[in-house]
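Every chain is numbered from 1 and lettered A, B, ... according to where its sequence line falls, protein lines coming before strand lines.
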Protein chains: 2
Amino acid sequence: MSSLLKLIKKELSRFSDTERKIGEFILSNPELVPSMTTKELAKSAEVSEASVTRFCRSIGINSFRLFKMQLMKDVTVANGDLTTFTSLEKKDSVYDLFRKVTYANQGAIVSSLASLDRVQLENAVEALIKAKKVIFYGVGGSVTAAYDGGYKFARIGYQTTSSPDFHYNITVIPHLQKDDVFIGISLSGKTKNVIELATFAKEQGATVIAITKMNRSPLYKLADITLCVPSMEEDFRIGTITSRMVQLNIIDTLYLSVFHMLGDEVLTAFKKAQNETMRLRK
Amino acid sequence: MSSLLKLIKKELSRFSDTERKIGEFILSNPELVPSMTTKELAKSAEVSEASVTRFCRSIGINSFRLFKMQLMKDVTVANGDLTTFTSLEKKDSVYDLFRKVTYANQGAIVSSLASLDRVQLENAVEALIKAKKVIFYGVGGSVTAAYDGGYKFARIGYQTTSSPDFHYNITVIPHLQKDDVFIGISLSGKTKNVIELATFAKEQGATVIAITKMNRSPLYKLADITLCVPSMEEDFRIGTITSRMVQLNIIDTLYLSVFHMLGDEVLTAFKKAQNETMRLRK
DNA sequence: TTATTTTATGAAATTTAATTTCATAAAATA
DNA sequence: TATTTTATGAAATTAAATTTCATAAAATAA
C-alpha cells in the first residue's frame with residue numbers, strides 16, 4: 001500500500017466524522033481519486049467541498065491538487081515494481097534494508113514537493129537575503145539539519161551558529177538584529193527548547209522560520225514563516241530517519257536559492273575556497 | 001526516456017514554431033512541468049496560454065491536466081535512469097530551484113542503489129556489530145554525515161565520536177581496540193586529514209570503513225571495507241549537495257541494519273528514551 | 001500579381017475548479 | 001451556566017484551464 005494511504009489509515013482514528021468520511025472513501029477508491037474534482041469527491045463522500053480542501057491540509061498536504069499528484073505518484077510507484085515498500089520484516093537481509101531505506105528516503109524527499117508552500121518558501125529566501133546573522137537550532141535528530149545549515153550558510157558569508165546547546169544560544173540571541181533570522185527545526189513543533197528560543201529570538205525582532213510538520217503546533221503558530229515537512233511515519237524507526245532527509249532537502253533549497261540570488265559576489269569567494277581545498281589536498 | 005517525452009521529441013519536426021517552443025521547454029524540464037500551470041508554462045516557453053492547451057491536443061491528449069498526469073506518471077516510473085540531469089538556470093525562480101534540488105536529491109539517492117556493493121555493505125554491518133567504539137570522521141561537507149552517524153549509533157548504545165577536530169581524534173584513536181571501527185567519510189577519497197586518521201586507526205588494529213566515490217583514491221585503497229557513493233556532479237553547486245544525501249542514506253542503512261540485528265535489547269532502551277522525550281515535551 | 005481562403009496565434013471572455021470567508025451549530029472549557 | 005473554541009457547509013472569491021474571437025501571416029486560387 002502506498003505511503004499516503006498508509007498515513008490516512010493511521011490517522012483515521014484522529015479524524016473528525018467528516019474527515020473520516022473522506023478518508024474512507026479515498027482508502028476504498030484510491031485509483032479513482034486522482035482524476036476527481038473537489039466537487040465529485042465531496043459528493044461521493046457526502047461532505048462539502050470545503051471539507052475536501054481542508055482534509056488535504058489536515059494530513060499535511062498543501063492543496064487538493066498536490067494531494068492528487070502525490071496519490072497518483074504513490075499508486076504508480078507501488079505498481080511499478082521498484083521496491084514495493086512494506087515496513088521492515090524480521091527476515092530482511094541487510095541489502096533488503098538498504099533498498100527499503102533508500103526507497104523510503106527517496107519517497108520522503110519527493111513528498112516534500114506537496115507539503116512545502118511556495119509563498120512561504122519565497123518569503124524565507126527573502127528573509128535570508130536581508131539577514132546578516134542566522135541561527136539554526138534543533139535538538140536531537142534535528143541537530144544534523146541545523147548543523148548542515150550553519151555550515152552551508154557560513155560558506156556563503158553569513159554569520160551562523162548552529163549549536164544544540166540551549167544556554168549557548170541564550171547568550172547569542174540577544175545579539176540578533178532586526179532583519180536577522182532564527183531557524184527553528186523540530187519535526188513535531190512541540191519541542192520545548194526550540195519554542196523557547198524561537199520566542200526569545202522573536203522578542204529581539206528577528207524573523208523566525210520554522211521547519212516543522214503541518215499541524216497547529218506551538219512552533220507553527222509562533223513562526224513568521226513556516227516551511228512544512230510532510231508527515232509520514234511508516235515504520236517508527238524509518239520515520240525518524242526520513243524526516244531528517246526532508247529537513248536537509250529544505251535547507252539545501254534555501255542555501256541554493258540564496259546562493260543563486262546573491263550570484264557573482266559569493267561565487268568568487270566560493271571558488272577561492274574551492275581552490276584552496278584543492279591545494280591542501282596535494 | 002519516458003514514452004511521452006519520446007513522442008514529443010519525435011514530433012518536434014512536425015510542430016509549428018510555437019509548439020516547438022513548448023515541446024523544447026518540456027523536454028529540457030520534464031520534472032518541472034507536472035506542477036506547473038498553463039500560465040507558468042506559457043510564460044516559460046514564451047507563448048500564450050491558449051497555445052499550451054492546444055499543444056496538448058496536438059499531441060493527442062485531451063487536456064492540459066491529463067497531460068500533466070501522464071507526464072508525471074512517466075517521469076516517476078522512468079526514474080531509474082537519471083542521466084538527464086538538471087542544471088540551474090539564471091532565470092529559475094525559487095520554486096524552480098526547489099523542484100530541481102528535490103529532483104536531484106531524489107535521483108542521487110536512488111542511484112546509490114547502483115553504486116553500493118552488497119558484500120561490502122554486509123561486511124560493514126558485521127564489523128559494526130562486533131565493535132564497541134565507533135569513530136565517524138569527515139571534514140567540510142562530510143561533517144554532517146559524520147555527526148549524524150555519531151548521533152544515531154550513540155542512540156543504540158555505542159561509544160561514538162564524530163568530531164571534525166583532527167587533534168581531538170588523534171587523542172581518541174589510540175583507545176580503539178581490535179574490533180572497533182573507524183568510518184572515514186570523504187567524497188573524493190583524497191582528503192589528507194581523513195587519510196591520516198584512517199591510517200592511524202588501522203595501525204591500532206581497528207577496522208576502517210570508507211564512504212567515498214568509487215575511484216582508486218588513497219582512502220579507497222587503504223580501507224578494509226568501502227561503501228561507494230555514485231559520482232555525479234552536473235552542476236557544481238548541486239553536486240556537493242547531493243553527495244551529502246547519499247552519504248546519509250548509507251549511514252541510515254548501517255544504523256537501521258545494526259538496530260535490526262541487535263533487536264530487542266536495543267529496542268527497550270530506545271523506547272525508554274522515546275517515552276522520556278514525550279514526557280519532557282509536556 | 002492580386003484576391004481569397006486557410007491557418008496559427010494571442011488577447012479577452014467564459015467556464016470550470018479550488019479555496020477562502022463567513023455564519024452557525026456543536027463541543028469543549030471556564 | 002456562560003463563554004470560548006472548533007468543525008462545518010453555503011456562498012463568495014480566486015485561480016486555472018479552455019474557448020471564442022479578432023488578426024496577421026501563409027497558402028492557394030484566380
Is it true that Phe136(A) and Phe153(A) have ring centroids separated by less than 6.0 Å?
yes
Between Phe200(A) and Phe182(A) (judged by ring centroids, cut-off 6.0 Å), do the two rings come close enough to count as a pair?
no
To the nearest angstrom, how far is [X] atom [atom1] from [N] atom [atom2]?
| X | N | atom1 | atom2 | answer |
| --- | --- | --- | --- | --- |
| Glu49(A) | dA17(C) | CD | C1' | 8 Å |
| Leu66(B) | dA17(C) | CG | C1' | 14 Å |
| Glu40(A) | dT16(C) | CD | C1' | 12 Å |
| Ile61(B) | dA17(D) | CD1 | P | 15 Å |
| Arg14(A) | dT6(D) | CZ | P | 14 Å |
| Phe67(A) | dA17(C) | CZ | C1' | 17 Å |
| Asp17(B) | dA25(D) | CG | C1' | 12 Å |
| Lys43(A) | dG9(D) | NZ | C1' | 17 Å |

Please determine, for the side chain of [X], which listed nucleotide ([options]) has the closest atom?
| X | options | value |
| --- | --- | --- |
| Thr53(B) | dA17(D), dC22(C), dT20(D) | dA17(D) |
| Ser16(A) | dT20(D), dT8(D), dA17(D) | dT8(D) |
| Arg57(B) | dT8(D), dA18(C), dT18(D) | dT18(D) |
| Ser48(B) | dT9(C), dT19(D), dG10(C) | dG10(C) |

Just call it for Lys21(B): base, sugar-phosphate, or nothing, with non-hydrogen atoms closer than 4.0 Å on any strand.
nothing
Under 4.0 Å between any heavy atoms, over every strand shown, what does Val52(B) touch: base, sugar-phosphate, or nothing? Just pick one.
nothing
OP1, OP2 of [N] versus side-chain N and O of [X]: anything below 4.0 Å?
| X | N | answer |
| --- | --- | --- |
| Thr37(A) | dT16(C) | no |
| Ser51(B) | dA8(C) | no |
| Ser63(B) | dT18(D) | yes |
| Thr18(B) | dT9(C) | yes |
| Thr38(A) | dT19(C) | no |

Would you indicate whether Glu46(A), at its atom CD, is surrounded by more than 12 heavy atoms from other residues, nucleotides or ligands within a distance under 6.0 Å?
no
For Glu31(B), the option from Gln106(B), Lys100(B), Arg99(B) that meets side chain to side chain contact (heavy atoms under 4.5 Å, CB included):
Lys100(B)
In this structure, which one of Ile250(A), Val134(A), Ile183(A) forms a side chain to side chain contact (heavy atoms under 4.5 Å, CB included) with Ile209(A)?
Ile183(A)
Is any N or O donor-acceptor pair between the side chain of Arg54(A) and the base of dT6(D) shorter than 3.5 Å?
no
Tell me if the side-chain of Arg65(A) makes a donor-acceptor pair with the base of dT16(C), cut-off 3.5 Å, by modelled atom types.
no
With both distances under 3.5 Å as the test, what is the Watson-Crick or G-U wobble partner of dT24(C)?
dA7(D)
Tell which nucleotide pairs with dT2(C), taking only Watson-Crick or G-U wobble pairs whose two distances are both under 3.5 angstrom.
dA29(D)
Going by heavy atoms in the side chains, are Thr212(A) and Leu187(A) under 4.5 Å from each other?
no
